Amino acid sequence: IPEHIHLLRAAGRYEECMAVGALIRRCVQEKGYRYRDITVIVRDENEYQNALQAAFDQYEIPVFLDRPASVESEPLIRLILAAFDCVQYGFRTDDVMAVLKCGLIPMSLEEIAGMENYVFLWNLRSGDWKTEWTKNPAGFVQDFSEKQKQELAHLEGLRRQLIEPLIHFAEKGKDPTGKEIAAAVY
């Protein structure tokens, strides 16, 4: 076994972590190691987290715990994936709403909620995103008030603002090469 790799057997997880803490402290104090030069790898972080934290606290070892996060939780990735879903599945409402709610679309929460309410009120489907919205945002009423006409005009502007780039993206993505897909994304 190489000198820089240490194996040990302990009675339990806590004892194992305390031994690791003592070894790290000794390497820093006696051998001139820097904390940043040391890595502790465990199979399941959740099982070791408390014991490692206790050991590192006792030996005053600064610690950085690297916890992997799903790339799909990042707003930009959510936007790109939802845009691809829009193109692939014909602008399903759930996919368009995912684009709308990714956090990167320049609309206020009130505007997003207004669009969502309109979509659910009128049970809009895939093709409805590509056509002008003309139904009253207040629902089933005979006449449009001036306020309702203004609200509809605003919602229609938001729909165009949202859907036109997606349509452009879809057009760029017809029988594309990998390079063309990358260019369309960026």
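A quick note: this is a predicted structure, and the numbers were derived from the prediction, not measured.
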Interatomic distance, CH2@Trp122 vs CZ@Phe140, rounded to 0.5 Å, equals 4.0 Å
Report yes if some heavy atom in the side chain of Ile112 is under 4.5 Å from a heavy atom in the side chain of Lys101; otherwise report no.
yes
Please report the interatomic distance NZ(Lys135) to CG(Asp128), rounded to the nearest 0.5 Å.
6.5 Å
Can Leu162 and Met107 be said to form a side-chain contact (heavy atoms from CB on, under 4.5 Å), step by step?
CA-CA 9 Å; Leu162 175 67; Met107 292 183 195; 4.0 Å; yes
Is a donor from one side chain sitting under 3.5 angstrom from an acceptor on the other, for Tyr33 and Arg26?
no
Under the 3.5 angstrom rule, does the side chain of Gln49 hit a backbone N or O of Asn46 as a donor-acceptor pair?
no
Just how far is it from atom CZ of Phe120 to atom OG1 of Thr93, taken to the nearest 0.5 Å?
7.5 Å
Go through the steps to decide whether Arg25 and Glu60 satisfy the test side-chain contact (heavy atoms from CB on, under 4.5 Å), and finish with yes or no.
CA-CA 8 Å; Arg25 186 67 168 194; Glu60 298 177 346; 3.9 Å; yes
Can you see which heavy atom on Thr134 is nearest to which on Phe144, and at what distance?
O-CZ, 3.4 Å
Any chance you could lay out the side-chain contact (heavy atoms from CB on, under 4.5 Å) test for Ile61 and Val28, step after step, and finish with the verdict?
CA-CA 10 Å; Ile61 298 170; Val28 168; over 6 Å; no
Side-chain contact test, heavy atoms from C-beta onward, threshold under 4.5 Å: evaluate it for Leu155 versus Pro137 and give yes or no.
yes
Partner set under side-chain contact (heavy atoms from CB on, under 4.5 Å) for Glu146, not counting sequence neighbours
Lys149, Gln150
Distance col, row Gln58:CD vs Met18:CE, nearest 0.5 angstrom, shows 3.0 Å
Heavy-atom pair of closest approach, residues Arg159 and Lys130
NH1-C, 3.8 Å
Heavy-atom distance under 4.5 Å between the side chains of Val63 and Leu52, does that happen here?
no
Side chains of Asn50 and Tyr14: closer than 4.5 Å at any heavy-atom pair?
no
Would you check, one step at a time, whether the test side-chain contact (heavy atoms from CB on, under 4.5 Å) holds for Arg160 with Trp133?
CA-CA 10 Å; Arg160 283 193 316 271; Trp133 289 356; over 6 Å; no
Using modelled atom types and a 3.5 Å cut-off, is there a donor and acceptor pairing between side-chain atoms of Arg78 and backbone atoms of Val99?
no
Report, as yes or no, whether the 6.0 Å neighbourhood of atom CG on Asp94 holds more than 12 heavy atoms from other residues, nucleotides or ligands.
no
Compare all side-chain heavy atoms of Leu100 with those of Val96 and state whether any distance is below 4.5 angstrom.
no
Modelled atom types, side-chain donor and acceptor of Tyr48 and Glu16, under 3.5 Å
yes
To the nearest 0.5 angstrom, please state how far the CD atom of Gln142 sits from the CG atom of Asn136.
11.5 Å
So, the side chain of Gln148 versus the backbone of Ser145: is there a donor-acceptor pair under 3.5 Å, distance only?
yes
Which pairs of donor and acceptor atoms, one on a side chain in residues 82-92, lie under 3.5 Å apart (sequence neighbours left out)?
| unit_1 | atom_1 | unit_2 | atom_2 | d |
| --- | --- | --- | --- | --- |
| Arg92 | NE | Asp95 | OD2 | 2.7 |
| Arg92 | NH2 | Asp95 | OD1 | 3.2 |
| Arg92 | NH2 | Asp95 | OD2 | 3.0 |

So, do Glu156 and Tyr118 sit near enough that their side-chain heavy atoms are less than 4.5 Å apart?
no
Inter-residue atom distance Leu23.CG - Lys31.NZ, 0.5 Å rounding:
7.5 Å
